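Computed from a predicted model, the values in this text were never measured in an experiment. Residue numbers count from 1 along this sequence.
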Amino acid sequence: MPRTARIALNRPLRRLFDYQVPPGMELNCGQRVKVPFGRATVTGLVAALDARPPAGITLKTILACPENWPALPPETFQLLSWASAYYQHPLGECLFTALPPALRRGQPAEERAETFWKALAGGDSLPANAVKQKALLQWLGHHPTGAATRQIIQAGFSRAQIRSLRDKQLITEASPTPAQAGEMPLIEGPHLSAAQLQAARQLAGPEAGFTTSLLYGITGSGKTELYLDYLKRHLDTPDQALVLVPEINLTPQTVARFERYFGLRVAVWHSGLNDSQRLNAWVRVRNGEPVILIGTRSAVLLPFTRLRTIIVDEEHDSSYKQGEGFRYSGRDTAVYRGFLNNCPVILGSATPSLESIHNARSGKYRLVRLEERAGQSSPPDIRLLDIRSRPLQAGFSRPALDAIRRTLDSGRQTLVYVNRRGYAPVMMCFDCGHMVECPRCDTRLTFHRRDRAMRCHHCDYQVAATDTCPKCDSNAFRPVGQGTERAEDYLAECFPDTPVVRVDRDSTQRKGSIQHILKQVNSGQPCILVGTQMLAKGHDFPGVTLVVVINADGGLFSVDFRAPEQLIQTLIQVSGRSGRGEHPGEVMVQTCHSDHPLLQSLTRGHYLPVADQLLEERQTGALPPFRAMAIFRAEADSMEQSLQVLDRIKPLARGDRLEVWGPLPAMIARRADRHRAQLVILCDHRKHLNTILTRICQTLDETKRAGGLKWIIDVDPQETG
Ligand code: ADP
Ligand code: ZN
Ligand code: ZN
């Protein structure tokens, strides 16, 4: 019987804590315990048993264990230990990321009862204006055995509506029966097309063990249909599967699509769940229930015990990389998980990351191509519109406006992509040249006309907008550049009879507003959608036949080496929104660099050749994925302090085939009054790099930190500015 245990705590400390195991207590790695820590009792996780504690120290004793099984089963524990070492993040915080909040707080690992609801007779008595309540009753009518609160909310209804129908005795609580899954009418999908069948055959099944397939399927080729078909053919009754999607793509429509095939087997995991819902999903997974879990990034850390398939949709999406704290990549962690679980991993995208294409080209991944659109539609034509010598109105050229008019006149919809929210990114005085800057950052303030504010997009600073120059009081104080609000206003002026709908972070802040917008678009009536990146993601807009990109040039000459890749991916993804119905699509990209080789090859319509071109540039520059990269970032009250700490660690980064850039001030050197600097390390050998990173982290942990100084490490960074 083990006499001591090494415990991981949820603390940002790169160390574990030794405790005595009381007689009679059986412990396993990954199990939760309660231990005294300082003056408090805290929840910990067993990280190792029978470690030899330093001599001469009396250990405190573990107080209790909430359950006698490991909350983190062996593979999950191994996965997190790997991630902790790979991303150089303290093990304790990594392990606790995999627990739902209730379990971090020490609450019991048991499912909390879910309420099921059934419709009763008498719905006719509802007043005519209770539209939503009627809709809910009708929806419940399609679920004769009842539906869980979770499902009802997922379908777009609210708790208030449930309560109010219950109070009117039009619905009642029902208890779910195990037979329920069988009673749900599960549907057959469409017959796969010849191209889809061919792709399906090339995807390795679970019997082959761990293989990673990169499914390159153009927009609208039916990748989701392929995932559904794959799961249906390959999952046995007791198997679990994980489907990772970017946050914004996890809509009720997506979940409903999976539920139609798999009924109650479907479980979801995303940031919108409350503590009980998280706990319940976690318990179902941990208990080995045969779930098909659709989730965002952190779902890859759930304690699956019978995982047989992993799918990562839109694998190129930058939201798979956590941007703070434990900076792991959900996609890369998924691939490692596939290796540990010896199960297949499918990475799908119309615009795969250069990392994945490189892995496919070098034979590590299996490349499966699906280059035909499903159903009737064909990929859109992409046209470059040189705007160097053309006069622009609020950013629009004449040919673009004419094309919008033609599209609306023929009863169809237009999508306009603008890469900035707000009205204009700069306010400038044409008399004295003054531009309004953020007092706390090295950036300019964005003008938001809707609420007459000037806002910093890098900190939370804002001031009321003024009509005249704050410096010289001149009236020649005007917006420069285009944001979504400006495009919206101008288009509303040009096309007064057509609804113009703006989709960006500001317009979709309220819960459910995106659903509202989609509904309007899905009505099929002529309209203009104006929006940011948000519009590029995953949605199916069958009525859109024209996409206009206001300005493509920002990404062509950025200091961030990933910018061109992201630009091309965004352009292809937005383009992919058009021509999904029966009418062919058209894409117009306004640019001052129509002869740029990247844009030129984009017009030939295929992503892979463009990606290969970008990969060649990365190889020439010895950049990822051809070398491994990590960044140390420091921030402090003065730039000197930040540079100093990085200067100190620089000598530790030495060795063969290694290159160090910096330390240098970050692209936005001052942000929220903090001065930021960075040190970039590139290395041919990932193992070697990892060893160096460990050494530097140890040194940094041991040196006394000047007040206010903060440093972080980012392995495989997505942003390098
Ligand atoms: P992707 O995920 O590649 O963008 P989807 O799976 O969403 O594509 O499919 C795009 C559209 O085509 C959807 O409306 C889907 O229902 C339809 N679709 C896909 N495969 C088929 C098929 N074999 N037959 C008919 N319709 C299909
Ligand atoms: Zn002025
Ligand atoms: Zn600011």
Go through Met629 and Thr720 one step at a time and tell me if the side chain to side chain contact (heavy atoms under 4.5 Å, CB included) criterion holds.
CA-CA 10 Å; Met629 181 187 261; Thr720 50; 3.9 Å; yes
Could you give me the CA-CA distance, side-chain angles and deciding distance for Val436 and Phe447, then say whether side chain to side chain contact (heavy atoms under 4.5 Å, CB included) is met?
CA-CA 10 Å; Val436 186; Phe447 175 43; over 6 Å; no
Apply side-chain hydrogen bond (donor to acceptor under 3.5 Å, both in side chains) to the pair Tyr490 and Gln482, showing each step before the final yes or no.
CA-CA 11 Å; Tyr490 183 69; Gln482 271 71 44; over 6 Å; no
Taking it one step at a time, do Phe557 and His596 satisfy ring pair (Phe, Tyr, Trp, His ring centres under 6.0 Å)?
CA-CA 11 Å; Phe557 307 101; His596 195 287; 5.8 Å; yes
Please test Leu602 against Leu571 for side chain to side chain contact (heavy atoms under 4.5 Å, CB included), starting from the C-alpha separation and ending with a verdict.
CA-CA 9 Å; Leu602 180 72; Leu571 289 180; 3.6 Å; yes
Between Ile528 and Gln413, is the side chain to side chain contact (heavy atoms under 4.5 Å, CB included) condition met? List the steps.
CA-CA 6 Å; Ile528 306 176; Gln413 302 173 337; over 6 Å; no
Applying side-chain hydrogen bond (donor to acceptor under 3.5 Å, both in side chains) to Ser318 and Gln566, what does each step give before you reach the verdict?
CA-CA 9 Å; Ser318 58; Gln566 280 157 5; 5.3 Å; no
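Contact check on Glu485 versus Arg449 returns no salt bridge, with no Lys/Arg side-chain nitrogen under 4.0 Å from an Asp/Glu carboxylate oxygen. Using a cut-off of 4.0 Å between Lys/Arg side-chain N and Asp/Glu carboxylate O, Asp504 and Arg502 are scored as salt-bridged. By the 4.0 Å N-to-carboxylate-O rule, Asp313 lies too far from Lys223 to be salt-bridged with it. Classification of Arg562 and Asp560 as a salt-bridged pair fails, no side-chain N sitting under 4.0 Å from a carboxylate O. Electrostatic pairing of Glu586 and Arg412 does not count as a salt bridge here, judged by no charged N lying under 4.0 Å from a carboxylate O. Between Glu565 and Arg618, at least one side-chain nitrogen of the basic residue sits less than 4.0 Å from a carboxylate oxygen of the acidic one, meeting the salt-bridge criterion. The pair Asp460-Arg440 meets the salt-bridge criterion, with a side-chain N (NZ, NE, NH1 or NH2) lying under 4.0 Å from an Asp/Glu carboxylate O. Taking the charged nitrogens against the carboxylate oxygens, Asp506 and Arg450 have no contact shorter than 4.0 Å, which rules out a salt bridge.
Taking OG1 from Thr224 and CZ from Arg257, the interatomic distance works out to 4.5 Å, rounded to the nearest 0.5 Å. Taken from OG1 in Thr309 to CD1 in Ile346, the straight-line distance is 6.5 Å, to the nearest 0.5 Å. Atom OH of Tyr365 sits about 10.5 Å away from atom NE2 of His358, to the nearest 0.5 Å. Taking OG1 from Thr484 and CZ from Arg505, the interatomic distance works out to 11.0 Å, rounded to the nearest 0.5 Å. Atoms CG and CG, on Leu192 and Asp229 in that order, are 4.5 Å from each other to the nearest 0.5 Å.
When atom types are taken as modelled, the side chain of Ser356 and the backbone of Pro352 share no donor-acceptor pair closer than 3.5 angstrom. No donor-acceptor pair under 3.5 Å is formed between the side chain of Asp317 and the backbone N or O of Pro246. Proximity of a side-chain donor or acceptor of Glu259 to a complementary backbone N or O of Val266 within less than 3.5 Å is not detected. Although no hydrogens or angles enter the test, the distance criterion places a donor-acceptor pair under 3.5 Å between the side chain of Gln161 and the main chain of Ser158. Glu315 contributes no side-chain N or O that, together with a main-chain N or O of Arg331, makes up a donor-acceptor pair within less than 3.5 Å. Using a distance-only test at 3.5 Å, with no hydrogens or angles considered, a donor-acceptor pair links the side chain of Arg388 to the main chain of Cys592. A side-chain donor-acceptor contact under 3.5 Å links Ser221 to the backbone of Ile218. Looking at Arg373, its side chain does come within 3.5 Å of a backbone N or O of Thr219 through a donor-acceptor pair. Put simply, the side chain of Glu314 never gets that close to the backbone of Ser349: no donor and acceptor are under 3.5 Å apart. Here the side chain of His270 pairs a donor or acceptor atom with the backbone of Gly272 at under 3.5 angstrom.
In terms of heavy atoms, Phe326 sits closest to Gln322 at O-CG, 3.1 Å. Nearest heavy atom pair, residue Ala334 against residue Val300, reads CA-CG2, 3.5 Å. Ile152 and Ala147 get closest at one heavy-atom pair: CD1-O, 3.9 Å. Ala424 and Val480 make their closest contact through CB-O, 3.7 Å (heavy atoms, listed as atom of the first residue, atom of the second, distance). Of all heavy-atom pairs between Cys527 and Leu408, the closest is O-CD2, 3.8 Å. Considering every non-hydrogen atom in both Pro624 and Glu355, the closest pair reads CB-OE2, 4.3 Å.
For Arg390, the CZ atom counts as densely surrounded, since its 6.0 Å shell holds more than 12 non-hydrogen atoms of other residues, nucleotides or ligands. The number of heavy atoms from other shown groups lying within 6.0 Å of CD (Glu719) does not exceed 12. Heavy atoms of other residues, nucleotides or ligands lying less than 6.0 angstrom from CD of Gln277 number more than 12. By the neighbour-count criterion of 12 heavy atoms within 6.0 Å, atom CZ of Arg452 is densely surrounded, having more than that number from other residues, nucleotides or ligands.
Residues Glu247 and Ser271 are in side-chain contact: their nearest non-hydrogen atoms beyond the backbone lie under 4.5 Å apart. In this structure, the side chains of Met454 and Tyr461 stay at 4.5 Å or more apart for every pair of heavy atoms. Between Val610 and Asp612 there is no side-chain heavy-atom pair separated by less than 4.5 Å. Looking at Ile382 and Val589, their side chains come closer than 4.5 Å, going by heavy atoms from C-beta outward. A heavy-atom distance below 4.5 Å is found between the side chains of Tyr320 and Leu244. Using a 4.5 Å heavy-atom cutoff, the side chains of Trp269 and Ser298 are in contact. For the pair Ile517/Thr508, a side-chain contact is recorded, criterion being any heavy-atom separation below 4.5 Å from C-beta on. For the pair Thr591 and Leu385, the minimum side-chain heavy-atom distance is 4.5 Å or more.
The side chain to side chain contact (heavy atoms under 4.5 Å, CB included) check on Ala374 picks up Gln196, with sequence neighbours excluded.
For the pairing with Val335, the side chain to side chain contact (heavy atoms under 4.5 Å, CB included) check across Leu347, Val312, Ile310 returns one residue only, Leu347.
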Sequence neighbours excluded and cut-off under 3.5 Å, please list the side-chain donor-acceptor pairs for residues 393-403, or say none.
unit_1	atom_1	unit_2	atom_2	d
Ser397	OG	Gln590	OE1	2.7

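Between the side chains of Ser601 and Gln613, at least one donor N or O sits under 3.5 Å from an acceptor N or O.
Two rings, from His316 and Tyr607, have their centers 6.0 Å or more apart.
Judged by the 6.0 Å distance and 45° axis criteria, Lys132 is positioned over the aromatic ring of Phe157.
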